[in-house]
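For reference, the structure is listed below as structure tokens.
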There are 2 protein chains.
Amino acid sequence: MPSAAKTAVNPAKPAGKRIRRTAEEARRLILDAAEKRLAQQGPEGLRLQDIARDIGISHPAILHHFESREGLVRALIARANTQLRDTMLTALAGGHTNSDASDHIGHVFEALSDRGTARLLSWLLLTGRASENSPTHNIMGEIVEALQARRAEYAAEKGLPAPDKEDTLFMAMLTANAAFGEAIIGRQLAEAVGLDADGIKRFRNWFAKLLNEHWDGRN
Amino acid sequence: MPSAAKTAVNPAKPAGKRIRRTAEEARRLILDAAEKRLAQQGPEGLRLQDIARDIGISHPAILHHFESREGLVRALIARANTQLRDTMLTALAGGHTNSDASDHIGHVFEALSDRGTARLLSWLLLTGRASENSPTHNIMGEIVEALQARRAEYAAEKGLPAPDKEDTLFMAMLTANAAFGEAIIGRQLAEAVGLDADGIKRFRNWFAKLLNEHWDGRN
DNA sequence: CCAAATACTGACATTGTTGTCAATATAATT
DNA sequence: AATTATATTGACAACAATGTCAGTATTTGG
């Protein structure tokens, strides 16, 4: 026993007052903090200790609620997925009779870029965690379905021929790609070419118009 | 001095045969390996030891050539930037007289998705390393410039009014966003909706056509 | 009021990663 | 051939991050 006073383990610390949340509440708090970190600092900013400090708890508490760091990540992904899907579908359902695409487009873009959703998802894709959760699969399927339905409805209304299925699909893909891209490089891009917030809005409108014209012209 | 035999430092190991490259060659090798790792495994796959092992060197060799991990990252970014810019500009310059956009679009998309360039850049953006290197700034500026010039030329040829500058800008932005998005979520998206490689090609053509129509119609 | 359940904590263990250093091998130069 | 320059390496240092654990505080239910 070479080293003498090794285990100093001070058994003091009566301490007191400890905030105790319900498990659900705690999980939500932690996920929020993690999401914020991720959006702000990227993948490497997702450290248990940091997250814990942000909300004033100890990092083992996180492990208590999510088993492991990977568990936290999975929960994060799952939540982002459902959130994204909900936003998307309600955005599509919102337009009612009026078939102007600009609303939809705007909603879709905002859903992705508003918070770190796109960043979170892209990180998920970059790290190859995609296949586990079948994330885009369900979402994209539902959305294309909804879009195609709307389009068919619109076509019937105007007595036009039924819309080409693949064409609808491509419109959806383009929108998804563009929105995703914008969420990630949008800011940099806009800044690079001297576009302010209003310019970005104009861009979105321009895109919506482009799609609208195609929507009408192609049917 | 409690611990006795602490420094065992065996001075043996005559060893022999050691590959010695020129500094430039070594740097290139390392950057290639790093890029591959990054493209395959995402941001968290960029570990010095792994990269070193991939090319059969020791990790201090990397540090010798790049000072630090951050140095490696910066070099990586710088190289990706110039590569991307070159590809883009040559793609734009290639079309000569023929003003069909599909060629350009294809080139742009491929430039981004072929190797991990987009992934690399997106990671750079996600981690907030963007401002340091003024990455997109120069690139985007040059490209819009080139595009606008081409468009003006095309308009003059056909005796049409000069193209709207912002319209050109928006076309470029949309293309950039879409290409970027596709590079990241494209595979997942295509898979999700049951598109094969040929379908992806059809999508790109569809997009090029959309832009072409706009190009003509708007002028 | 007591007991069980559990959210939470501090201290520690473990592991992995970057970075340092002295030593060594190899290429270039004289 | 000897010298210089430098690419390369093994061993170690320092640090950071996740994960473990035994114990503490707080709520809930009897």
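Numbers restart at 1 for each chain; the letters A, B, ... are given by sequence-line order, proteins then strands. Just so it is clear, the values below take in all heavy atoms, side chains as well, and ignore hydrogens, waters and symmetry mates.
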Study note, to complete from the structure: Taken in chain and number order and not counting sequence neighbours, the residues that satisfy salt bridge (charged side-chain N to carboxylate O under 4.0 Å, His left out) with A:R21 are none
Practice item. Determine the contact category for A:R69: base if any of its heavy atoms lies under 4.0 Å from a base atom, sugar-phosphate if only primed atoms, P, OP1 or OP2 are that close, otherwise nothing. Key: sugar-phosphate
Study note, to complete from the structure: Separation of D:dA25 atom C1' from A:R21 atom CZ, nearest Å, is 14 Å
Practice item. Find the distance B:I30:CD1 to D:dA7:C1' and express it as a whole number of Å. Key: 10 Å
Exercise for review: Please name all residues satisfying salt bridge (charged side-chain N to carboxylate O under 4.0 Å, His left out) with B:R53, sequence neighbours left out, ordered by chain then number.
Suggested key: B:D50
Check your understanding: What pairs of residues pass the ring-ring contact (aromatic ring centres under 6.0 Å, His included) test when at least one of them lies in residues 32-56 of chain A, not counting sequence neighbours?
Key -> none
Hey, what are the protein-to-nucleotides 28-30 of chain C N/O distances that come in under 3.5 Å?
none

**Study point:** Nearest to side-chain heavy atoms of B:L48, which nucleotide of D:dT8, D:dG19, C:dG19
**Key:** C:dG19
Practice item. Mind calculating the distance between CD (A:E25) and C1' (C:dC8) to the nearest angstrom? Key: 14 Å
Practice item. Grab the CD-C1' distance between A:E24 and C:dC8 for me, whole Å please. Key: 18 Å
Review point. Using a heavy-atom distance cut-off of less than 4.0 Å, which residues of residues 49-65 of chain A contact DNA chain D?
Key: A:Q49, A:H59, A:P60, A:L63
Check your understanding: Is there a donor and acceptor pair closer than 3.5 Å between the side chain of B:R20 and the base of D:dT6?
Key -> yes
Exercise for review: Taking salt bridge (charged side-chain N to carboxylate O under 4.0 Å, His left out) as the test, write out the residues that go with B:E166, two or more places apart.
Suggested key: A:R202
Review point. In whole Å, what is the span from the CD1 atom of A:I19 to the C1' atom of C:dA7?
Key: 12 Å
Practice item. Indicate yes or no: does B:E70 engage B:R74 in a salt bridge with an N to O separation below 4.0 Å. Key: yes
Check your understanding: Quick one: side chain to side chain contact (heavy atoms under 4.5 Å, CB included) partners of B:S58, sequence neighbours excluded?
Key -> B:P60, B:A61
Review point. Between C:dG19 atom P and B:R47 atom CZ, what is the distance in whole Å?
Key: 15 Å
Review point. Would you call A:E182 and A:I200 a side-chain contact if the rule is heavy atoms closer than 4.5 Å?
Key: yes
Review point. Looking at residues at least two apart in the chain, or sitting in another chain, which of them share a side-chain hydrogen bond (donor to acceptor under 3.5 Å, both in side chains) with B:R37?
Key: B:Q41, B:D54
Point to revise | Counterpart residues, side chain to side chain contact (heavy atoms under 4.5 Å, CB included), relative to B:I55 (two or more places apart) | key: B:L29, B:I30, B:A33, B:I57
Practice item. Find the distance B:E70:CD to C:dT17:P and express it as a whole number of Å. Key: 17 Å
Practice item. Report which part of the nucleic acid B:T22 touches: base, sugar-phosphate, or nothing (heavy-atom distance under 4.0 Å, all strands). Key: nothing
Check your understanding: Between atom CZ in A:R27 and atom C1' in C:dC8, what is the gap in whole Å?
Key -> 16 Å
Review point. What about B:R18: does its side chain form a donor-acceptor pair under 3.5 Å with the base of C:dT24?
Key: yes
